[in-house]
Each structure stands twice: as C-alpha cells, then as structure tokens.
Amino acid sequence: VQLQASGGGLVQPGGSLKLSCVASGTIFSIDRVGWYRQAPGKQRDLVAMISSSSTNYGDSVKGRFTISRDNAKNTVYLQMNSLKPEDTAVYYCCLFRDRFYWGQGTLVTVSS
C-alpha cells in the first residue's frame, strides 16, 4: 500500500482547504482510511478516519472538517473549513488494516 497526499498550503484564518490522498496497491472498501496531524513539538493526533460504515473525528475538528472517500478512485478527502492557526501542522494520510500504513505528510499553515 502506498499513499500520496496533496493539497496542503498556506491559508488565512477562517479559510478553507481540501486535502486529497490517493492510495495504490490492494485497497478494500472496508479498510479504514483517514488523516492524522502533527504540529511542531507535539504528538501525532487523530484528525478523521472513515470506514465503509462510519466516520470519527478528533474533538478539535468536529463540525469544521469533513472526511469522505471515493472507493472507485481509491481516494480519501479532507475538507477543512473555518481553519484556525492551531490547525497548522503536517497532515498525514493513513490506512489501517493489520497495521497503519502512512503516506508522506502535507504541510498546512494557517496564518494571516
């Protein structure tokens, strides 16, 4: 499994950004896929994960971020709205099956 994330960048507070992650290899619709993030000097934290039947979000992004997936394209998306400076981090795409598979990170910077 290989994961390729894209869509990071610089955005002003209150703005929006959409991340994408394309998975290659053998991907099943039941696999859980999603995003974690890591700010400088902090641990890697859950942003959002999605399976075939459920989604779950980190407390700090509930109501602002939306995760979705397109199984036909092996792609998972993260729509981020009402961004705050504290959302600044490297965002990592991941897939969980027997273990976590990680993509490279994409940097999101929220600053005026």
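Looking at heavy atoms from C-beta onward, Leu78 lies out of side-chain contact with Thr66 at the 4.5 angstrom threshold. The shortest side-chain heavy-atom distance between Asp87 and Val108 does not fall under the 4.5 Å cut-off. Residues Lys84 and Arg64 meet the side-chain proximity criterion, which asks for heavy atoms closer than 4.5 Å. By the 4.5 Å heavy-atom criterion applied to side chains, Tyr57 and Val47 are not counted as neighbours. The closest side-chain heavy-atom distance from Met80 to Tyr91 is below 4.5 Å.
With no hydrogens or angles considered, a side-chain donor-acceptor pair links Ser60 and Arg37 at under 3.5 Å. When only modelled atom types and interatomic distance are considered, Thr75 and Asp70 share no side-chain donor-acceptor pair under 3.5 Å.
The number of heavy atoms from other shown groups lying within 6.0 Å of CD (Gln2) does not exceed 12.
Transitive grouping of hydrophobic side chains (ILVMFWY, heavy atoms separated by less than 4.5 Å) brings Met49 and Trp102 into a common cluster. Hydrophobic clustering places Val1 together with Val76 (ILVMFWY residues linked when any side-chain heavy atoms are closer than 4.5 Å, directly or through intermediates). Grouping the Ile, Leu, Val, Met, Phe, Trp and Tyr side chains by contacts below 4.5 angstrom, directly or via other members, places Phe65 with Val11. Linking Ile, Leu, Val, Met, Phe, Trp and Tyr residues whenever their side-chain heavy atoms come within less than 4.5 Å places Tyr101 and Val33 in a single cluster.
In this structure, Arg99 fails the cation-pi test against Phe96, since its NZ or CZ atom is not both closer than 6.0 Å to the six-membered ring centre and inside 45 degrees of the ring normal. The side-chain tip of Arg44 points at the ring of Tyr92 from less than 6.0 angstrom away and within 45° of straight on.
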Step-by-step side chain to side chain contact (heavy atoms under 4.5 Å, CB included) determination, Val90 to Thr106 = CA-CA 5 Å; Val90 177; Thr106 185; over 6 Å; no

Worked verdict on Ser68 versus Gln79 for side chain to side chain contact (heavy atoms under 4.5 Å, CB included)
CA-CA 8 Å; Ser68 61; Gln79 177 66 47; over 6 Å; no

Margin query: side chain to side chain contact (heavy atoms under 4.5 Å, CB included) for Asn71 and Lys73? Distances and angles first, verdict last.
Written below: CA-CA 5 Å; Asn71 290 331; Lys73 296 181 179 179; over 6 Å; no

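The residues Lys42 and Asp45 are annotated as not salt-bridged, no charged nitrogen and carboxylate oxygen being separated by less than 4.0 angstrom.
The CG atom of Leu10 lies 6.0 Å from the OG1 atom of Thr109; values are rounded to the nearest 0.5 Å. Here the straight-line distance linking atom SG of Cys93 with atom CG of Leu19 works out to 9.5 Å at 0.5 Å rounding. With rounding to the nearest 0.5 angstrom, the CD atom of Gln104 is 8.5 Å from the CG atom of Leu3. Taking OH of Tyr77 as the start and CH2 of Trp35 as the end, the distance is 10.5 Å to the nearest 0.5 Å. Arg69 CZ to Ile67 CD1: the interatomic distance, rounded to the nearest 0.5 Å, is 8.5 Å. With rounding to the nearest 0.5 angstrom, the CG atom of Asn56 is 5.5 Å from the CG atom of Leu46.
Ring geometry, Tyr36 versus Phe100: the interplanar angle exceeds 60°, so the pair is classed perpendicular (tilted spans 30 to 60°).
A donor-acceptor distance shorter than 3.5 angstrom exists from the side chain of Thr88 to the backbone of Pro85, with no hydrogens or angles considered.
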